[in-house]
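First up is the structure itself, then whatever we jot down about it.
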Amino acid sequence: MFPSLLRRSTAVGYIARAKAHGAQSLLGPFQSTGERFDHLLRGMDCVKVEDGHVECQIPITEALQNSYGTLHGGCTATIVDVLGTMALLTKDATRPGVSVEMSQSFLAPAKGGEVIVARGEVVKYGRTLGFTEVRLFDAKGKLLATGKHTKAFPS
């Protein structure tokens, strides 16, 4: 019916790469899982990976913009999801977890053409749950959005 939708991706995404090569493999250009939803972040560049912390730069391309020419709220949610997961992978590259809860607060628009900085941090890392916070900043350091992401680690 829709062959392109049924095709399996052979791309190695950031989660599989971290599992195979460790958290430091997250550095550099973002590795999406083929044509799945996270492919919109292909322009993202991870510039810092430390224990419990990641930092990425993201150009606000046309594909990430809403009809007002600013970063789409759904893209902000995807950034919170991905950077929260990346931060957890710095603790244990074999435990990306599954999302349990996520929220975002929007403080100011990120304009099209800008490059923003996103920082993901592990707030608490437990046996069954991981809690992260992600903050998005403009080039001048102004806080644009914040997000919280809770993930479970099923056995």
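Keep in mind that what you see is a predicted model, and the values were worked out from it rather than measured.
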Report yes if some heavy atom in the side chain of Leu136 is under 4.5 Å from a heavy atom in the side chain of Val117; otherwise report no. no
Thr146 versus Val134: any side-chain heavy-atom pair under 4.5 Å? no
What I want to find out is whether Arg135 reaches Glu133 closely enough, with some N-O distance under 4.0 Å, to be called a salt bridge. yes
Heavy-atom closest pair (Ile15 atom, Pro96 atom, distance to 0.1 Å) is CG2-CG, 3.7 Å
Hey, does Leu27 have a side-chain heavy atom less than 4.5 Å from the side chain of Val49? yes
Mind checking whether Thr128 and Phe153 have side chains closer than 4.5 Å, heavy atoms only? no
Output for pair (Leu40 CG, Cys75 SG), nearest 0.5 Å, gives 6.5 Å
Side chains of Asp38 and Thr33: donor-acceptor distance under 3.5 Å anywhere? yes
Verify the distance criterion only: is there a donor paired with an acceptor across the side chains of Arg42 and Ser32 at less than 3.5 Å? yes
Find the distance between CD (Glu114) and CG (Leu144) and round it off to the nearest 0.5 Å. 7.0 Å
Once rounded to the nearest 0.5 Å, what's the spacing between atom CD1 of Ile58 and atom CD1 of Ile79? 3.5 Å
CZ (Arg119) and CD (Glu55) are apart, to the nearest 0.5 Å, by 4.5 Å
Looking only at atom types and distance, does a side-chain atom of Gln65 sit under 3.5 Å from a main-chain N or O of Ile60, one as donor and one as acceptor? yes
What are the two closest non-hydrogen atoms of Lys91 and Gly52, and how far apart are they? CE-CA, 4.2 Å
Please check this pair: side chain of Gln57 against backbone of Met44, looking for a donor-acceptor N/O pair closer than 3.5 Å. no
Which atom names give the shortest non-hydrogen contact between Ala145 and Thr76, and what distance separates them? CB-CG2, 4.0 Å
Could you tell me whether a side-chain N or O of Thr90 sits under 3.5 Å from a main-chain N or O of Asp51, the two making a donor and an acceptor? no
Side chains of Met102 and Asp81: closer than 4.5 Å at any heavy-atom pair? yes
Counting distance only, does the side-chain N/O of Arg95 pair as donor-acceptor with the main-chain N or O of Arg127 below 3.5 Å? yes
Interatomic distance, Cys46 atom SG to Gln24 atom CD [nearest 0.5 angstrom]: 8.5 Å
Within the structure provided, determine whether Lys19 and Arg17 are in side-chain contact (heavy-atom separation under 4.5 Å). no
Is it possible for you to say whether Leu107 and Phe137 belong to one hydrophobic cluster, with membership spreading through side-chain heavy-atom contacts below 4.5 Å? yes
Do the side-chain N and O atoms of Thr85 and Lys151 include a donor-acceptor pair separated by under 3.5 angstrom? yes
Exactly one of Asn66, Ile116, Thr61 clears side chain to side chain contact (heavy atoms under 4.5 Å, CB included) with Leu71, and that residue is Ile116
Residue pairs involving residues 30-78 (criterion ring pair (Phe, Tyr, Trp, His ring centres under 6.0 Å); sequence neighbours excluded): Tyr14-Phe30
Give me the atom names and distance for the closest heavy-atom approach of Gly22 to Ser25. O-OG, 2.6 Å
Mind listing the closest non-hydrogen atom pair of Ala18 and Ala93 along with its distance? O-CB, 3.2 Å
Point-to-point distance, once rounded to the nearest 0.5 Å, from OG1 of Thr132 to NZ of Lys148: 10.0 Å
Decide yes or no for Leu88 and Tyr125: does some side-chain heavy atom of the first lie under 4.5 Å from some side-chain heavy atom of the second? yes
